[in-house]
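Everything numeric in this text was worked out from a predicted model, so none of it was measured.
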Amino acid sequence: EDKLSATQSAPPTVSEDAQLYEKGKKVLGPKSTGVIKNLLKAKDGNVALARASIETASTKNDPREYVNAIIRRELTGSDPMPDHMLVNGV
């Protein structure tokens with residue numbers, strides 16, 4: 001009986017991936033699933049790093065362009081500048 005009440009009162013858990021896509025769509029727009037997927041790939045599947053990039057992007061004038069610059073840089077290996085140093089969208 002205790003187990004049942006504890007289970008019923010526990011809020012549903014949302015995976016880190018789901019949270020990343022939810023936040024990404026809020027910042028980058030509703031049709032940004034592919035961009036978020038590419039960002040996650042550029043960050044070697046590290047959800048925390050992808051989330052941090054999206055959080056930083058949310059402070060930029062053009063968040064989607066900022067994230068695309070991160071993706072281009074990390075997938076092509078060009079411009080070793082850290083994310084926070086990107087001038088794009090400042």
For V27 and P63 the tightest heavy-atom approach is CG1-CB, 3.7 Å
Interatomic distance, E74 atom CD to L49 atom CG [nearest 0.5 angstrom]: 8.0 Å
Flag side-chain contact, heavy atom, 4.5 Å: Q19 against V47: no
So which atom in T56 and which in K60 form the shortest heavy-atom distance, rounded to 0.1 Å? O-CG, 3.7 Å
What heavy-atom pair brings V35 and I71 nearest, and what distance separates the two atoms? O-CD1, 3.5 Å
Taking every heavy atom of Y66 against every heavy atom of S53, the minimum-distance pair comes out as CE2-O, 4.0 Å
To the closest 0.5 Å, what do you measure between CG (L28) and CG (D62)? 9.5 Å
Compare every heavy atom of A50 with every heavy atom of L40, then report the nearest pair and how far apart it is. CD1-CB, 4.0 Å
Beyond-backbone contact of K25 with S32, side-chain heavy atoms, under 4.5 angstrom: yes
Gap separating the NZ atom of K43 from the CG atom of L75, nearest 0.5 angstrom: 10.0 Å
Who are the side-chain hydrogen bond (donor to acceptor under 3.5 Å, both in side chains) partners of R64, not counting sequence neighbours? none
Could you check whether any side-chain heavy atom of R51 comes within less than 4.5 Å of a side-chain heavy atom of E16, counting everything from C-beta outward? no
Under 4.5 Å between any side-chain heavy atoms of K26 and I54, yes or no? no
Identify the two heavy atoms, one from R72 and one from T76, that lie closest to each other, and give their separation to 0.1 Å. O-OG1, 2.5 Å
Please check: side-chain N/O of T59 versus main-chain N/O of E55, any donor-acceptor pairing under 3.5 Å? no
